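First up is the structure itself, then whatever we jot down about it.
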Protein chains: 2
Amino acid sequence: MNFYESKKVNILEQLPLGLIEKGSLKTFEKGKILYRKGEQDKGLNFIKKGIVGLMGFSVSGDDTLLRVIGERNLLGYRSLLSSESYHASALALTDVELIYFKFDSVQQLQHEVPELHNLLTQTLAVDLRRAEQRLKDITGKRVISRVIETLIYLKQIHPDHPWTRREIGEFCGARTETVTRTLSKLERDGYIQKSGREIKLNDIGKLLEFSEQCEIF
Amino acid sequence: MNFYESKKVNILEQLPLGLIEKGSLKTFEKGKILYRKGEQDKGLNFIKKGIVGLMGFSVSGDDTLLRVIGERNLLGYRSLLSSESYHASALALTDVELIYFKFDSVQQLQHEVPELHNLLTQTLAVDLRRAEQRLKDITGKRVISRVIETLIYLKQIHPDHPWTRREIGEFCGARTETVTRTLSKLERDGYIQKSGREIKLNDIGKLLEFSEQCEIF
DNA sequence: CGTTAGTTTGAGGCAGATCAACTTTGGTGG
DNA sequence: CCACCAAAGTTGATCTGCCTCAAACTAACG
């Protein structure tokens, strides 16, 4: 079980119809900010359509893609459940449609939809594993392994999204130029195929095998 | 609110006496492994005495200190709440005494001690913030800032523990030699005082100010 | 007091960043 | 449908922060 392995969970099943009806629909164009680091808001956002990136922005321009939230997933639960303000900003990586649910407190969530509360606890636990594994990878592994694992992960979440070199780099801690060079090498060695902006992974098993090879001194 | 800021929570208040009596006492010498990555166990460990490090071990020897669990805190809740196996190993950083509570399932925890379940959810959410902020720092900031913030954080958790260069480095993604050099520089510039193996922070505000200065360009 | 773990300092190397110039892609409006 | 343009990607040259290796020193502990 590594960070790039992901089980898809159907959050929708845990959202009672009554709740959904109370939610309000919002739309954001690609590139727009859904919310900013530091803002305080006790609410949940259900991503109906599109992909959202949880971003750690930096003055010097080396932004980090902390988390990727795909369709039919929730956003904002970490802040709600910790009663903290947002620790990062949410960016629309595509055009996004979401349903926003307002809560007054964690207690309300827990009381009104206890199953959802439990599901979110579990999601937090999985997110934490993923973040800590990436923390380990980012210092311990070379860039080629990180790019490979990031490719696999991002493709899994949203196979059809044309992930940019920038996004891949921001996720695994590398510059776009470095990602480009790495992808070129992977294509030369027959592990992937690039056609225009599209990246096709030939064989995930072989890729992971190659990734491990690269770590042996 | 950054990763190195930490609020102390008293878990003990949430542990009913009945539960504590059912727990079993275990002791580990410094350097011993409490549990290993991959093991499966539905239980909680209450650290009665000592400090535990959650470690990401690596064949090449660049280990990562993922989390530090101090006295009167719990360990093992991420695995319990996600129903996953341990994603990292737990290492006794000092001699450790703990009380182990066996659970059959998340449901049991939630049913028998719902307040504890809620507290753990909140803890997960805070841990996730911390991990993601470190993820951002480790790529975006230079080693000197990371060492400074790590010093502040580790000192906060356990002021009296003689944190080693290795532990500091394993926490912030740096080699012991690099940590040594950084600490020497910080001492030369009057920000800290080293006496033997002891590190004294003169002024946390000044340290953080200096940390930010180092990030300009 | 010897042994082991931790610290310090120096010299040299390298993975990946940075800088710069150029090409390709894909969306937009005329 | 094509021309245009901004955004994304590529490639090369150079630089550098931190790692690596090595060797000596110091603290802690049975």
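Proteins come first, then strands; the chains are lettered A, B, ... in the order of their sequence lines, and each starts at number 1. Worth saying up front: this structure is predicted, and the values here are computed from it rather than measured.
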Suppose the criterion is salt bridge (charged side-chain N to carboxylate O under 4.0 Å, His left out): which pairs have a residue in residues 144-157 of chain A, not counting sequence neighbours? A:Lys141-A:Glu149, A:Lys155-A:Glu198

Please list residues of residues 143-159 of chain B whose heavy atoms come under 4.0 Å from any atom in DNA chain C, ordered by number; otherwise none. none

Residues pairing under side chain to side chain donor-acceptor pair (under 3.5 Å) where one sits in residues 36-46 of chain A, two or more places apart or in two chains, turn out to be A:Asp41-A:Tyr86, A:Asp41-A:Tyr100

Once side chain to side chain contact (heavy atoms under 4.5 Å, CB included) is applied, do any residues pair with B:Asn73, and if so which ones, sequence neighbours excluded? B:Ile11, B:Ile69

Return the residues of residues 49-59 of chain B meeting this criterion: a heavy atom under 4.0 Å from some atom of DNA chain D. Order them by number, or give none. none

By side chain to side chain contact (heavy atoms under 4.5 Å, CB included), B:Asp160 pairs with (sequence neighbours left out) none

Filtered N/O pairs between nucleotides 7-11 of chain C and protein, under 3.5 Å:
residue	atom	partner	partner atom	Å
C:dT7	OP1	B:Arg165	NH1	3.4
C:dT7	OP2	B:Arg165	N	3.0
C:dT8	OP1	B:Arg165	NH2	3.3
C:dT8	OP1	B:Lys194	NZ	2.9
C:dT8	OP2	B:Arg165	NE	2.8
C:dT8	OP2	B:Arg165	NH2	3.1
C:dT8	OP2	B:Thr180	OG1	3.4
C:dT9	OP2	B:Ser184	OG	3.3
C:dG10	N7	B:Arg181	NH1	3.0
C:dG10	O6	B:Arg181	NH2	3.2

Determine which pairs satisfy salt bridge (charged side-chain N to carboxylate O under 4.0 Å, His left out) with at least one residue from residues 76-87 of chain B, sequence neighbours left out, and list them in order. A:Arg129-B:Glu84, B:Arg78-B:Glu84

Any residue meeting salt bridge (charged side-chain N to carboxylate O under 4.0 Å, His left out) with A:Lys206, in chain and number order, not counting sequence neighbours: A:Asp203

With axes from five pairs an end, tell me the bend angle of the helix from C:dC1-D:dG30 to C:dG30-D:dC1, nearest 10°. 50°

Identify, with sequence neighbours excluded, every residue that meets side chain to side chain contact (heavy atoms under 4.5 Å, CB included) alongside A:Thr27. A:Glu97

Could you list the residues that satisfy side chain to side chain contact (heavy atoms under 4.5 Å, CB included) with B:Thr64, not counting sequence neighbours? A:Lys136, A:Thr139, B:Leu66

